[in-house]
Amino acid sequence: MLNNGKAPRRLPVDVRQALQAICAYGKGRCWYCDAKLPKARKAIRDGWDVQRVEGQPVASIILVCPSCLRQDQRVQVTGYRVQHAGTGAL
């Protein structure tokens with residue numbers, strides 16, 4: 001969850017195509033842990049996700065690495081949410 005209470009949501013787009021487009025620029029990091037986005041094939045194979053944060057003046061697209069996705073799923077199962085250090089988000 002972001003500092004302002006907005007939770008990222010999955011995009012209604014083809015994540016594979018979105019990752020290929022983002023990876024083409026060679027830049028990108030996980031929103032939560034700052035892990036560097038790998039090349040498209042590896043990002044897709046490893047399970048990176050592209051999410052959208054709505055409710056801002058300009059909608060934000062964020063990248064989430066597989067490790068943070070797994071952590072978020074474990075937290076959601078228990079019903080608790082925690083903050084990642086440095087971002088104020090999960």
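Annotation: the span from L19 atom CG to D49 atom CG amounts to 7.5 Å, rounded to 0.5 Å. Distance CG/L37 to NZ/K27: 12.5 Å, rounded to 0.5 Å. Atoms CD1 and CD, from I62 and Q51 in turn, are 5.0 Å apart once rounded to the nearest 0.5 Å.
Applying the side chain to side chain contact (heavy atoms under 4.5 Å, CB included) rule to R41 yields no partners; only residues at least two apart in sequence or on another chain are considered. Residues that satisfy the side chain to side chain contact (heavy atoms under 4.5 Å, CB included) test with C30, not counting sequence neighbours, are Y32, C33, A35, W48, C65, C68. Under the rule for a side chain to side chain contact (heavy atoms under 4.5 Å, CB included), the partners of K42 that lie at least two apart in sequence or sit in another chain are P38, R45, D46. Among residues two or more places apart in sequence or in another chain, the side chain to side chain contact (heavy atoms under 4.5 Å, CB included) test is passed with Q17 by D14.
Closest heavy-atom contact between R29 and L63: O-CB, 3.6 Å. Taking every heavy atom of both residues into account, A18 and V50 meet most closely at CB-CG2, 4.1 Å. Across L69 and G47, no two heavy atoms sit closer than the pair CD1-O, 3.3 Å.
The shortest distance between side-chain heavy atoms of Q20 and I44 falls below 4.5 Å.
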